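Let me begin by presenting the structure, written as structure tokens, before commenting on it.
In what follows, chains are A, B, ... by sequence order, proteins preceding strands, each numbered from 1. The structure presented is a predicted model; accordingly, all values stated were derived computationally and were not measured.
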There are 4 protein chains.
Amino acid sequence: MDKRAAIIDAAIAVFAEKGVEKATVSDIVKRAGIAQGTYYLYFPSRLAVMGGIAERVLTQLLARLHAQLDGLPAGAQLDRLAAVIFTEVGAQHQEVALLYSGMTQTDQMRRWEQIYAPLYAWLQQLLEQARADGAIAAGVQPRHAARVLVGAIEAAAEQVHLYADTSADEARAHLAELERFIGAGLGRAPAV
Amino acid sequence: MDKRAAIIDAAIAVFAEKGVEKATVSDIVKRAGIAQGTYYLYFPSRLAVMGGIAERVLTQLLARLHAQLDGLPAGAQLDRLAAVIFTEVGAQHQEVALLYSGMTQTDQMRRWEQIYAPLYAWLQQLLEQARADGAIAAGVQPRHAARVLVGAIEAAAEQVHLYADTSADEARAHLAELERFIGAGLGRAPAV
Amino acid sequence: MDKRAAIIDAAIAVFAEKGVEKATVSDIVKRAGIAQGTYYLYFPSRLAVMGGIAERVLTQLLARLHAQLDGLPAGAQLDRLAAVIFTEVGAQHQEVALLYSGMTQTDQMRRWEQIYAPLYAWLQQLLEQARADGAIAAGVQPRHAARVLVGAIEAAAEQVHLYADTSADEARAHLAELERFIGAGLGRAPAV
Amino acid sequence: MDKRAAIIDAAIAVFAEKGVEKATVSDIVKRAGIAQGTYYLYFPSRLAVMGGIAERVLTQLLARLHAQLDGLPAGAQLDRLAAVIFTEVGAQHQEVALLYSGMTQTDQMRRWEQIYAPLYAWLQQLLEQARADGAIAAGVQPRHAARVLVGAIEAAAEQVHLYADTSADEARAHLAELERFIGAGLGRAPAV
DNA sequence: GATGAATGAGGGTTCATTCAT
DNA sequence: TATGAATGAACCCTCATTCAT
């Protein structure tokens with residue numbers, strides 16, 4: 001019924017299977033079970049669906065963060081932040097990989113900011129709360145720290161989940177180092 | 001004379017101008033001033049030149065790091081690491097943007113590890129030295145910390161240089177937060 | 001209210017703007033302010049509207065001829081024939097241009113005869129009258145002369161109004177020569 | 001060998017068979033025995049080949065006029081002008097029909113003047129010669145008369161050869177009237 | 001090594017037409 | 001009558017790649 005959602009679903013699958021460059025609109029519509037022309041009623045070009053995928057990924061990530069962290073004290077939320085994102089990027093690694101190749105191909109790079117905005121806003125508020133609680137170092141600048149954190153965590157997650165053949169042990173160690181790093185960087189605990 | 005280099009130069013310019021997906025071999029050879037067929041004497045396919053671009057970017061980054069940091073104590077090198085990479089990514093932001101879109105498109109994602117390997121190796125060694133010097137916290141795991149650091153710094157640099165319309169003030173503040181973060185994360189100084 | 005007329009109006013405008021080949025039914029209905037499907041209630045195919053345009057042009061031309069010439073002696077009507085058609089083709093040059101491209105595209109070329117029939121009939125009768133009056137040469141064959149005259153006048157009008165960047169002076173001179181030609185050809189006056 | 005000429009040949013045939021709107025580039029190249037892409041090495045768009053067809057038609061018409069008329073006195077050349085053009089348009093009626101539909105479809109209508117220029121120039125000169133010989137009326141304006149004549153003759157030829165199901169008798173009568181008309185119009189003979 | 005004309009498969013996109021409402 | 005979302009066949013054109021010179 002919801003053709004827009006069906007297109008996004010199909011696009012994720014097809015892009016993941018054949019790669020962004022090789023995937024054709026024909027592949028997508030075939031899998032979505034709609035006609036060729038119908039695609040263009042919802043997205044103006046082959047790659048425009050990337051925006052739709054990105055929104056969905058971020059929305060889902062934010063939902064997961066809320067589900068896992070809401071109710072905890074701000075400091076505790078920050079302690080678990082990396083692990084939750086790590087897990088979620090792992091779960092959605094296909095979609096995330098797409099985004100990195102898809103978004104940069106079009107002129108839509110500026111849409112990143114827009115799409116990430118809710119995540120940044122949420123984390124910034126969390127950092128402000130934690131600072132008010134005295135749970136992190138006073139010198140932390142929430143606005144920038146939010147972006148630095150997201151960048152560091154996602155970069156780590158991608159290294160593990162997308163680019164390298166990382167063993168489970170390596171992945172755990174990588175996450176551990178990242179958490180140690182964040183903990184110390186935020187002043188949750190002194191660096192050991 | 002060096003046609004291989006001319007092709008890489010031209011490819012960087014063309015990819016940056018038209019985007020990776022829309023750039024054609026014809027565009028590249030025209031700008032390089034060579035014949036269509038000549039391209040295939042140096043690279044086996046349209047996207048194969050991305051590997052060449054990546055090598056050049058990383059080589060140049062590593063060279064810059066050596067030039068700016070060699071001779072300093074390990075701890076001091078780490079303190080300045082972010083600033084140097086930040087600057088370099090800013091200077092090469094066109095090329096860097098390409099890599100993010102280009103590498104993921106082919107099946108070459110695994111080449112990332114290979115291309116980044118020298119950078120990771122250098123930084124890992126630097127961290128080991130710094131730990132031996134007592135310049136950073138003993139808990140730092142050089143192998144993983146190297147990757148975490150590179151990821152965090154590059155992610156921040158990309159946010160500033162590629163994706164957002166960031167003002168100079170914002171950029172400075174972003175870098176400052178990143179440096180504070182790294183300093184505390186490595187235990188160079190306690191988080192303030 | 002009269003949707004058929006609205007479609008013809010819109011089609012004339014759209015065909016003139018984008019050319020017959022590039023004009024779409026979507027363009028036409030958008031400009032006519034009706035729904036896509038409504039078009040097909042009035043015309044069975046995209047180009048069928050050309051017939052409607054043609055009828056309108058010819059009807060209007062014939063009306064203009066009657067308005068300007070009725071009541072004059074047959075000879076005098078013939079003297080003014082070229083000027084009236086010239087003016088009318090100038091006024092409707094968009095529509096006329098369409099006909100030349102539109103009619104030939106479909107299998108409708110034979111419809112020309114049918115659409116032009118009333119004009120030919122009217123002129124043939126006028127020529128017969130003029131011959132009976134002794135106002136033109138006795139050798140004129142009304143049936144064929146009607147077609148030759150219409151052809152000559154329209155060709156001249158098209159040259160001036162459609163194909164060339166003709167100055168007003170040139171246009172006047174062209175018309176003058178045409179009138180001289182017709183006058184002499186019909187034996188209204190000996191060629192000077 | 002000459003691919004450009006082969007394309008024009010094939011285009012004439014295909015356009016004539018299927019109509020301009022329905023003819024595809026694929027049809028043309030198949031008949032020309034070349035690859036799809038090769039077409040675009042010679043003509044920038046599907047309809048651009050029309051220009052090539054037009055040049056050829058006019059060139060051939062001019063050649064025929066020279067072949068049939070050169071050497072005759074100017075007045076005699078004018079007397080036979082209509083018959084020669086009539087015949088030639090009959091012989092090339094496919095190509096001529098194309099031009100009327102093809103040229104108007106693109107933005108190339110202004111090219112008509114350019115393509116017809118040699119014919120106009122030749123006829124204008126002929127009229128000047130005839131006037132100098134005293135073979136036609138002194139009032140004839142060669143520049144404009146050339147265009148009027150060409151227009152009248154071609155219009156008549158098209159009526160006969162393209163648009164109507166004209167019998168041979170009708171066609172002869174039509175030509176006769178046209179010749180009578182031209183003769184009187186130029187003052188070769190008084191109108192009878 | 002270098003050229004560039006030729007290839008031809010392939011895909012994004014358009015758009016005339018339909019039909020359930 | 002009117003609508004406009006949906007259809008899907010069809011086509012123009014591009015462009016990576018080849019190969020004779």
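Pair assignment for E:dT21: F:dA2, on the basis of Watson-Crick or G-U wobble contacts that are both within less than 3.5 Å.
Going from atom CZ of C:R4 over to atom P of F:dT1 covers 13 Å, rounded to whole Å. Per the geometry, CG belonging to C:D27 stands 17 Å off P belonging to F:dG4, to the nearest Å. Distance, B:K18 NZ to F:dT14 P: 10 Å, rounded to whole Å. The NZ-P distance, from B:K30 to F:dA16, rounds to 11 Å in whole Å. For the pair D:I34 CD1 and E:dT7 P, the interatomic distance rounds to 7 Å; values are reported in whole Å. The interatomic distance linking B:I7 (CD1) with E:dG1 (C1') rounds to 12 Å, in whole Å. Computed from coordinates, the A:L41 CG to F:dG8 P distance equals 13 Å when rounded to whole Å. The nearest whole Å value for the distance from the CD1 atom in B:I28 to the C1' atom in F:dC15 is 12 Å.
You'll find the side chain of A:I12 stays beyond 4.5 Å of the side chain of A:Q92, heavy atoms only. At a threshold of 4.5 Å between non-hydrogen side-chain atoms, the residues A:E95 and A:I8 do not count as touching.
D:R4 and D:E55 make their closest contact through NH2-OE1, 3.7 Å (heavy atoms, listed as atom of the first residue, atom of the second, distance). The shortest non-hydrogen separation linking D:Y39 to D:V49 is OH-CB, 3.5 Å.
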Cut-off 3.5 Å, no hydrogens considered: what does the side-chain donor-acceptor table look like for residues 23-32 of chain C, sequence neighbours left out?
from, atom 1, to, atom 2, distance (Å)
C:T24, OG1, C:S26, N, 3.3
C:T24, OG1, C:D27, N, 2.9
C:T24, OG1, C:D27, OD1, 3.4
C:T24, OG1, C:D27, OD2, 3.0
C:S26, OG, C:K30, NZ, 3.3
C:D27, OD2, C:K18, NZ, 2.9
C:D27, OD2, C:T24, N, 3.1
C:R31, NH2, C:E17, OE1, 3.2
C:R31, NH2, C:E17, OE2, 2.6

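Side-chain atoms of A:Q159 and B:Y116 form no donor-acceptor pair, as typed in the model, at a separation below 3.5 Å.
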**Request:** Classify every nucleotide of nucleotides 12-21 of chain E by which part a protein heavy atom approaches to under 4.0 Å, writing B for the base, S for the sugar-phosphate alone and - for neither, in 5'-to-3' order.
**Result:** SBBSSBB---
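Taking the side-chain contact (heavy atoms from CB on, under 4.5 Å) definition, one finds that A:L62 meets it with A:L65, A:H66, A:P118, A:L119, A:W122, sequence neighbours left out.
The residue among B:A35 and D:A35 whose nearest nucleotide of DNA chain E lies closer to the 5′ end is B:A35.
B:K3 has no side-chain polar atom (N or O) that falls below the 4.0 Å cut-off from OP1 or OP2 of E:dG1.
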